[in-house]
Amino acid sequence: MERWSLEKLKNWKEHPHRKPMLLLGARQVGKTWLMREFGAKYYKNVVYARFDKDSLMKASFEKDYRITRLLRDLQLHGDVDIVPGETLILLDEIQECPSAITSLKYFCEEAPEQHIIAAGSLLGVAEHKGTGFPVGKVDRMYLGPMSFTEFLQATGNGRYVQLLREKDWETMERFHERLAEQLRYYYYVGGMPEVVARYVSSGSFKEVREVQLRLLADYHDDFSKHATAAETHLISQIWKSIPAQLSREDKRFVQSEVAPGVKTDRLRGPIRWLAAAGLVNIVQRATRPEMPLEAFTDGAFKMFFVDVGLLAARCKLSASIILDGNAIFGQYKGALTEQYVQQQITTELEAALYYWSAERAQAEVDFLYEGETEIVPLEVKAERNLRAKSLQSFYRRYRRPLAVRTSMQPYAVNTVEVAATKDSPAGCYRVVDLPLYAINLLDEVVSVGRQT
């Protein structure tokens, strides 16, 4: 398999002001594979230490922060000479050794020539903050599940990846059905590397589901390992409620529906725990489209799964669903589609998303995308239904000149005329229609739409 993050790590390697890299992500998203593959491709030697299994190296990092001693111990451990630029030092499961996290500060200050990547769970590293965390002394990279384009590459459909990169909209439209078919497969399989690997090796959707259910069980087991008994129950209740919450037309997370009788204040800690573990992604509501959006949130939010395939498994979608092009867009069509869009933008474009809704939920824009110079409303449609009353309502309020609508409709840029009302004059705005399978091109089409 191929991960686009390898190119990001290559850029990190060549950067003149490189710092130790902290690679973060939920369990099972492929952090260990990524850094070992990077080391094998771009370095002469690799020294690998894993703190949940290697008690010798853990004890070494807990002794003190003398960099010369640590480098000597790492050389002995790896049985190689550590040569800057030729040797990559990998520190895995670093959350199991808080002293190793702190040591990154000293590596940055005293041995900046060394190439170091540390990988750990979001939760474990988050718990370490405030107790010697190397603020400002590390570079960071978040690794999520495989994106749709990575899935295409892994499944032998690399030509479609090239087609997307070339933005050949005319050819995409001719091959729309094939791209839509691959997208349905991705909705079912998702982007967890082990699941994708099983799908590639076996072609069996039954085996895919077996791996997904095991991963979900493993995540559930983690609740009790890292949280108190009281928190574990609430974490589990929140986790179980997500599919039902996303299946509603209004996908705002309603905390009162999680555990009747439990005050919402008690859910804040468990929700933060799930987010810190990387198992859910929180999309907050912005009260108005002003930059930066994070300054205009009001506490309401949507909650998404870490992966669209795992959401499909939690929704108990049958494998036979993918054989019918429309069946997958049934009860959970909105949930799967919004999950997919949110996941691609978060992982491939590395952008934070927000959403907007009017008072008394009279209108809602699925996502707000914060570009370099403006806020762009993003409407998500599961099929080809292009009615977008919310976009018009949004325009009447804020007069934003550009919007994006992603659906199964071919690429197009159109002007929408908005009639006058007693509260708002007539006007018009541009809408970029972007196919769902090309959502990774959002940045580029926003730039084009702005210039059109």
Side-chain angles (χ1 to χ4, degrees), residues 1 3 25-34 121-123 143-157 181-225 235-247 274-275 277-281 303-324 327-344 346-348 382 436:
M1 294 189 292
R3 300 299 302 266
R27 283 188 57 204
Q28 306 295 334
V29 294
K31 299 185 296 295
T32 299
W33 179 90
L34 176 68
S121 76
L122 283 162
L123 177 64
L143 186 66
M146 296 175 70
S147 67
F148 178 56
T149 53
E150 288 174 322
F151 174 81
L152 287 174
Q153 189 73 32
T155 54
N157 292 287
E181 179 182 52
Q182 292 302 318
L183 182 59
R184 291 195 297 272
Y185 290 164
Y186 181 75
Y187 277 21
Y188 188 89
V189 176
M192 300 303 288
E194 185 181 357
V195 180
V196 175
R198 182 65 63 87
Y199 173 64
V200 171
S201 64
S202 71
S204 168
F205 293 111
K206 181 177 182 294
E207 291 189 26
V208 161
R209 180 52 50 84
E210 289 172 354
V211 178
Q212 289 172 331
L213 292 176
R214 179 176 56 75
L215 287 176
L216 287 170
D218 289 345
Y219 284 147
H220 196 273
D221 289 344
D222 283 344
F223 299 165
S224 58
K225 291 179 183 177
I235 291 169
S236 180
Q237 291 295 99
I238 295 166
W239 180 250
K240 290 177 181 178
S241 77
I242 296 175
Q245 300 256 10
L246 289 176
S247 69
L274 282 166
L279 298 183
V280 301
N281 290 307
M303 184 183 292
F304 294 92
F305 252 51
V306 62
D307 175 63
V308 66
L310 294 183
L311 177 60
R314 282 289 290 113
C315 293
K316 299 182 179 179
L317 292 176
S318 168
S320 63
I321 286 174
I322 64 171
L323 300 178
D324 183 335
I328 197 168
F329 302 121
Q331 178 185 0
Y332 292 102
K333 66 178 181 180
L336 291 172
T337 307
E338 280 199 38
Q339 166 73 43
Y340 161 77
V341 169
Q342 180 274 330
Q343 185 175 329
Q344 302 313 297
T346 300
T347 58
E348 189 150 358
L436 283 163

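Note that the numbering runs from 1 along the sequence shown for the chain.
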Item checked: Residues in salt bridge (charged side-chain N to carboxylate O under 4.0 Å, His left out) contact with Glu338, at least two apart in sequence or another chain ->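 Applying salt bridge (charged side-chain N to carboxylate O under 4.0 Å, His left out) to Glu338 gives Lys251, Lys302.
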Next item on the list: Could you tell me which residues satisfy salt bridge (charged side-chain N to carboxylate O under 4.0 Å, His left out) with Glu181, sequence neighbours excluded, listed by chain and number?
Entry: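 Glu181: no salt bridge (charged side-chain N to carboxylate O under 4.0 Å, His left out) contacts found.
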Which heavy atom of [X] sits nearest a heavy atom of [Y], and at what distance?
X	Y	result
Val308	Leu336	CG2-O, 3.8 Å
Asp218	Arg27	O-NH1, 4.0 Å
Gln182	Thr155	OE1-OG1, 4.2 Å
Leu436	Ala382	CD1-O, 4.0 Å
Arg314	Pro243	CB-CG, 4.0 Å
Ala154	Met146	CB-CE, 3.9 Å

Notebook entry, point to check: Do Ser241 and Gln237 have a side chain donor and acceptor closer than 3.5 Å?
Noted result: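 Ser241 vs Gln237: no donor-acceptor pair found between side chains.
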Checklist line | Glu210/Arg214 salt bridge by N-O under 4.0 Å criterion | finding: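 Here Arg214 does not pair with Glu210 in a salt bridge, since their nearest N and O are not under 4.0 Å apart.
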Got a second to check how far [X]'s [atom1] is from [Y]'s [atom2], nearest 0.5 Å?
X	Y	atom1	atom2	value
Ser318	Tyr188	OG	OH	6.5 Å
Tyr186	Asn157	OH	CG	14.0 Å
Thr337	Leu183	OG1	CG	8.0 Å
Cys315	Leu310	SG	CG	11.0 Å
Leu216	Leu311	CG	CG	9.5 Å

[X] (side chain) donor-acceptor with [Y] (main chain) under 3.5 angstrom:
X	Y	value
Asp307	Gly191	yes
Gln28	Glu194	no
Arg198	Ser204	no
Thr346	Gln343	no
Lys31	Leu143	no
Gln212	Val189	yes

Notebook entry, point to check: Can you check whether Met303 reaches Ile238 side chain to side chain, under 4.5 Å on heavy atoms?
Noted result: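 The answer is yes; the side chains approach within 4.5 Å.
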Note to self: Are Val29 and Met192 packed together at the side-chain level, in the sense that at least one heavy-atom pair is separated by less than 4.5 angstrom?
What the structure shows: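 A side-chain contact exists here, since the closest heavy-atom pair is under 4.5 Å.
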Next item on the list: Would you check, one step at a time, whether the test side-chain contact (heavy atoms from CB on, under 4.5 Å) holds for Phe223 with Leu279?
Entry: CA-CA 11 Å; Phe223 299 165; Leu279 298 183; 3.8 Å; yes
Next item on the list: Over 60° means perpendicular and under 30° means parallel, so classify the ring planes of Tyr187 and Tyr340, tilted if in between.
Entry: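 Taking Tyr187 first and then Tyr340, their aromatic rings sit tilted (interplane angle of 30° to 60°).
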Notebook entry, point to check: Where does the angle between the aromatic ring planes of Phe148 and Phe151 fall among parallel (under 30°), tilted (30 to 60°) and perpendicular (over 60°)?
Noted result: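 Correct class here is parallel.
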Note to self: For Leu246 and Phe305: C-alpha separation, side-chain torsions, deciding distance, then whether side-chain contact (heavy atoms from CB on, under 4.5 Å) applies.
What the structure shows: CA-CA 10 Å; Leu246 289 176; Phe305 252 51; 5.7 Å; no
